[in-house]
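What follows is a short report on a single structure.
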Amino acid sequence: MIVAARRLTKYFQLKGTGIVGGGLSLKAVDDISIDIKEGSIVGVVGESGSGKSTLGRLLMALLQPTSGQVLFDIPDDVLAEYDKYIETNQADKCRKIEEEYSIFRSKGKAMKEMRKQMGMVFQDPYSSLDPRMRVEDIITEPMLATGYLDPEKARKRCLELLDEVGLPRDFAFRYPHELSGGQRQRVALARGISTLPKFLVLDEPTSALDVSVQAQILSLLKKIRSRYNISMLLITHNIAVIAYMADFVNVMYAGKVMESGVKRDVILNPTHPYTIALISAVPGRARMRQRIILQGDPPNLVFPPSGCRFHPRCPVAFELCGWTADEVATDLDYLVQGKYYTTFQGNTQVIPKDALSILIKGTNSIQLSEMIASEREKMRSLMSIANIKDTEEGVLISLSHFVTPKMYNLDNGKKVSCLLYSPEVMATQKGAISGN
Amino acid sequence: MSEVLKVKEVKQQFYTRRGIYKALNGIELELRKGEVFGIAGESGSGKSTLGLTIMGLLPRNASVTSGSVLLDGKDVIAPLREYATKSNQKFNFRRNENVIKKMNRELSTIRGNKVAMVFQDPMTSLNPVLQVGYQVAETMLVHQPRTLAMRRLARANAKRSDLNEALKVLRATESDEKALEDFFRNKGLEGLTEQVISIWRRKDLADAKKEKMILSLHSEKLSWFDRFVLNAVKEKGNLPSWLSKTPILSRYTRRVLLKEGYLKALELLSTLEVPNADKVIRMYPHELSGGMRQRIVIAIALANNPELVIMDEPTSALDVTVQAQILELVRHLKVKFNTSFIFISHDLSVLSEVCDRIGIMYGGRIVEIAPTKEIFDNPMHPYTKFLIAAIPTLEEKEIQEIGGAVPDMRFPPSGCMFHPRCPYIMEICRERVPDMIQVSKDHYVACFLYSGDNK
């Protein structure tokens, strides 16, 4: 394994939240494990704010994680051993392996050595190149800084690299402002591969470019991969780019990996409801009919939703997904005040009582359960209502407890973080089917 | 079908320190009523410049050397063209700027009123220090204060019986909006029509609630002074000078009208499916997500029922799932508002979802125009073919790269702009500019491959 991340977590501390509200943190990346094999392109796709760039920076050791490890160039058998130690909670043995392979442990000279093995291409070719350096200086800088080559040889190699990325050699003496966006991204790519790294992170390499230039850059990337056998992590919001480039795909949402697996399995046969919606949202005439339009926006990661982070927008969420009293109360209030106004005459009050119960004043349980029964399918939050009973104060609604999903292994080697595919739910579904 | 916009042979150029940048080189375009027209092309092909030229939003180094943009029967860019063709002397920035300033004053009655524009980045096109409701209300206040005054007066003058009858009309004619309009006009309560309709159209409410809301739109209290002011605005059509020039009075009038504008904003936002619209109108742009902000910008554009809305890359800054929401919205708006849209995007697949017709731009010219289906099923211009082949799709297919780059428009290639990159290049392509040829109904292409003997 060229890169193996284990339980990687990054919380950004928020400043200026006051004395009382202090200690808030933005949970950008939460408990992510990822494997990158030699010579493969692993795609990470997600909406903005899903933590995909943070993940890329963590794998480059540009950020220190809150917890978790990134192991670099680790033999498969050692990794298997390490996984076993994590499972059995043998911290001292883990530490021994980490000391040798972790990218966060190495410092000074060892770190420089490590940096030689890693390269990065950033999203915006307009701000990632120093405007005061010539192209030659830009490309040779990593080679000199890591001591990969001496200046004389580095300059020679720079010219070869320019050939490699399809730029004329006289570009070496130009400044970035003289180049177009596509040419700049080629320079950034030449810089990224200048030390012949084993691992390259591409953070949205084409999203600032035109479609025609994007096509050029993508085929250049493919060429470079096949020539040098570099492993790549391709971060992008454009699932079509992933479909064209990657071997493996990780779908991220709100700091968590929702689904991961071989590209063909994930894209042609998506399993997680979010992946299904994401793929159906890609514009194009062919997909217009079966489009699933997600309601709402991605969540605020300072206060991420409980349970599964996708549940408030999920079209197939059910009772275990993590509904809280506040969410259910908002939806109930919306129904009572809007669509079912005729039944309730607008004099009901919905009050969330504690985390899992709601009090509704001014109505009775029969009317409510009728409404809930007919709206359950459309308003998924109502699925979580376990019990409705009349009390002196009003109707008391209690919700069922929720489960936080883990990564579940599917038969075809895919991993999905959705409760629908958890062993427990699968077992009950099978039971229900055989029972019938 | 009648035409909303007619662009004829527009040539436009920018004077820069390093030469003359020929942005538009003879654009021909006709826009029909109620149609969504898509413009696609790489960056640098002049698609945004075309949008800005139609709006007359040009900087001082822009000059229009020929052509006309007929909008609402008015030639928008006439003053600029007159200046450029009349003056034999060298191009003078300051004089041109004066012409543009004068033009801006004239056009301010059209902009935001008859034509509106939605820009790419919703983060920068809203004012961060004003509530979003205010920003919607302001466009109404500037262009149609009369409508606002009439809305408020109608609510004060209406009696409960009028609204009861209106509901009867709606039910009897099965929500016929024309009938309702006539009914209110006869009663002298024109301002109520859109208020009633916008409530009636909402889908998230029960009928009983809608009826209650409609019935509450009567005999609203209005002080005699407010009534006096609003009546004055209603009669004059806009703010009379004795109102707008007197210091305290003008401010007072604006406030009365803005208050009504907030209500109109609320109506618009609920039409645009903004959840909790009543709270959103009192929020500031930074409190909203990107998709929500873009909805606000669209609301501002639609506030005055314009005939034409130009959307310049409205979804490029948004995520795919939010983009899908906005595209769905535009499809509905097309039906609801009966407005024509020009939808500019670099992404052909986005255009394929909302547009009726698509024009492909290259080097400041439209090289192919066809209905959406036709563009994808039967692309004719080599550039169109390339554009379609260069987009990566979910279906596994090799993407094709176009060699070369968009030409430097300071030194445009001779003849057909695309010839340096074209694989089917012929001798004639270098020498002459191809004309638009009609290949089938509504399908036009500017390429020598399809003219004369080669056809």
Side-chain angles (χ1 to χ4, degrees), chain A residues 45-50 180-183 206 209-220 237-245 263-264 267-268 274 277-288 291-298 313 334-335 337-346, chain B residues 40-45 202-210 212 273 275-276 288-292 315 317-325 327-328 345-354 372-373 376 386-387 389-406 421:
Chain A
V45 64
E47 292 176 86
S48 50
S50 62
S180 70
Q183 288 166 343
T206 59
L209 306 175
D210 259 321
V211 269
S212 59
V213 185
Q214 166 173 294
Q216 292 167 6
I217 296 285
L218 290 183
S219 53
L220 175 64
H237 66 275
N238 188 346
I239 201 159
V241 169
I242 295 270
Y244 178 64
M245 293 289 293
K263 170 186 75 181
R264 192 177 287 266
I267 290 188
L268 297 183
Y274 176 66
L278 188 67
I279 288 174
S280 82
V282 175
R285 287 183 306 153
R287 278 174 296 277
M288 254 170 81
R291 165 136 321 149
I292 301 159
I293 291 191
L294 293 177
Q295 299 302 316
D297 296 305
R313 298 174 79 191
Y334 173 78
L335 284 178
Q337 300 296 341
K339 199 169 166 191
Y340 286 82
Y341 186 81
T342 331
T343 330
F344 296 98
Q345 294 303 330
Chain B
E42 289 174 86
S43 44
S45 60
R202 279 175 73 167
K203 288 198 187 87
D204 55 339
L205 298 175
D207 284 355
K209 173 105 182 182
K210 284 189 205 164
K212 196 177 166 195
E273 291 154 29
N276 297 328
L288 301 169
S289 66
M292 208 62 96
T315 61
L318 306 176
D319 281 315
V320 263
T321 53
V322 183
Q323 169 174 289
Q325 292 172 3
L327 292 181
E328 180 80 12
S345 175
H346 66 274
D347 192 345
L348 261 177
S349 44
V350 166
L351 295 182
S352 76
E353 295 214 344
V354 286
T372 306
K373 196 171 171 321
F376 284 90
F386 266 130
L387 259 192
I391 307 169
T393 57
L394 293 183
E395 296 78 31
E396 269 178 66
K397 75 161 196 208
E398 259 330 285
I399 54 174
Q400 220 173 2
E401 38 175 317
I402 320 176
V406 183
R421 300 169 85 183

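In what follows, every chain begins at residue 1, and chains take the letters A, B, ... in the order their sequences are listed. Worth saying up front: this structure is predicted, and the values here are computed from it rather than measured.
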Side chain, backbone, both or neither: which part of L218(A) has a heavy atom under 4.5 Å from chain B? side chain
So, the part of I239(A) with a heavy atom under 4.5 Å from chain B: the answer is both
Q325(B) side chain to L294(A) main-chain N or O, any donor-acceptor pair under 3.5 Å? yes
Looking only at non-hydrogen atoms, find the nearest pair between P298(A) and R313(A) and report the distance. N-NH1, 3.4 Å
Report the option among G291(B), S289(B), G44(B), A389(B) that has the most heavy-atom pairs separated by less than 4.5 Å from atoms of chain A. S289(B)
Taking Q214(A), H237(A), R264(A) one by one, which has the highest count of heavy-atom pairs under 4.5 Å against chain B? R264(A)
Who among G182(A), S219(A), S212(A) has the most heavy-atom pairs with chain B under 4.5 Å? S212(A)
Picking from H346(B), K212(B), E273(B), which has the most non-hydrogen pairs under 4.5 angstrom with chain A? K212(B)
Heavy-atom closest pair (Y274(A) atom, E47(A) atom, distance to 0.1 Å) is OH-OE2, 2.9 Å
Considering only heavy atoms, which portion of L387(B) lies under 4.5 Å from any heavy atom of chain A: side chain, backbone, both, or neither? side chain
Check whether any side-chain heavy atom of L278(A) sits under 4.5 Å from a side-chain heavy atom of V320(B), and report yes or no. yes
Is it the case that the side chain of T315(B) and the backbone of Q323(B) share a donor-acceptor pair, with hydrogens and angles ignored and the cut-off at 3.5 Å? no
If you count heavy-atom pairs under 4.5 Å between each of A240(A), A277(A), A243(A) and chain B, which one has the most? A240(A)
Can you find a heavy atom in the side chain of D347(B) that is under 4.5 Å from one in the side chain of V211(A)? no
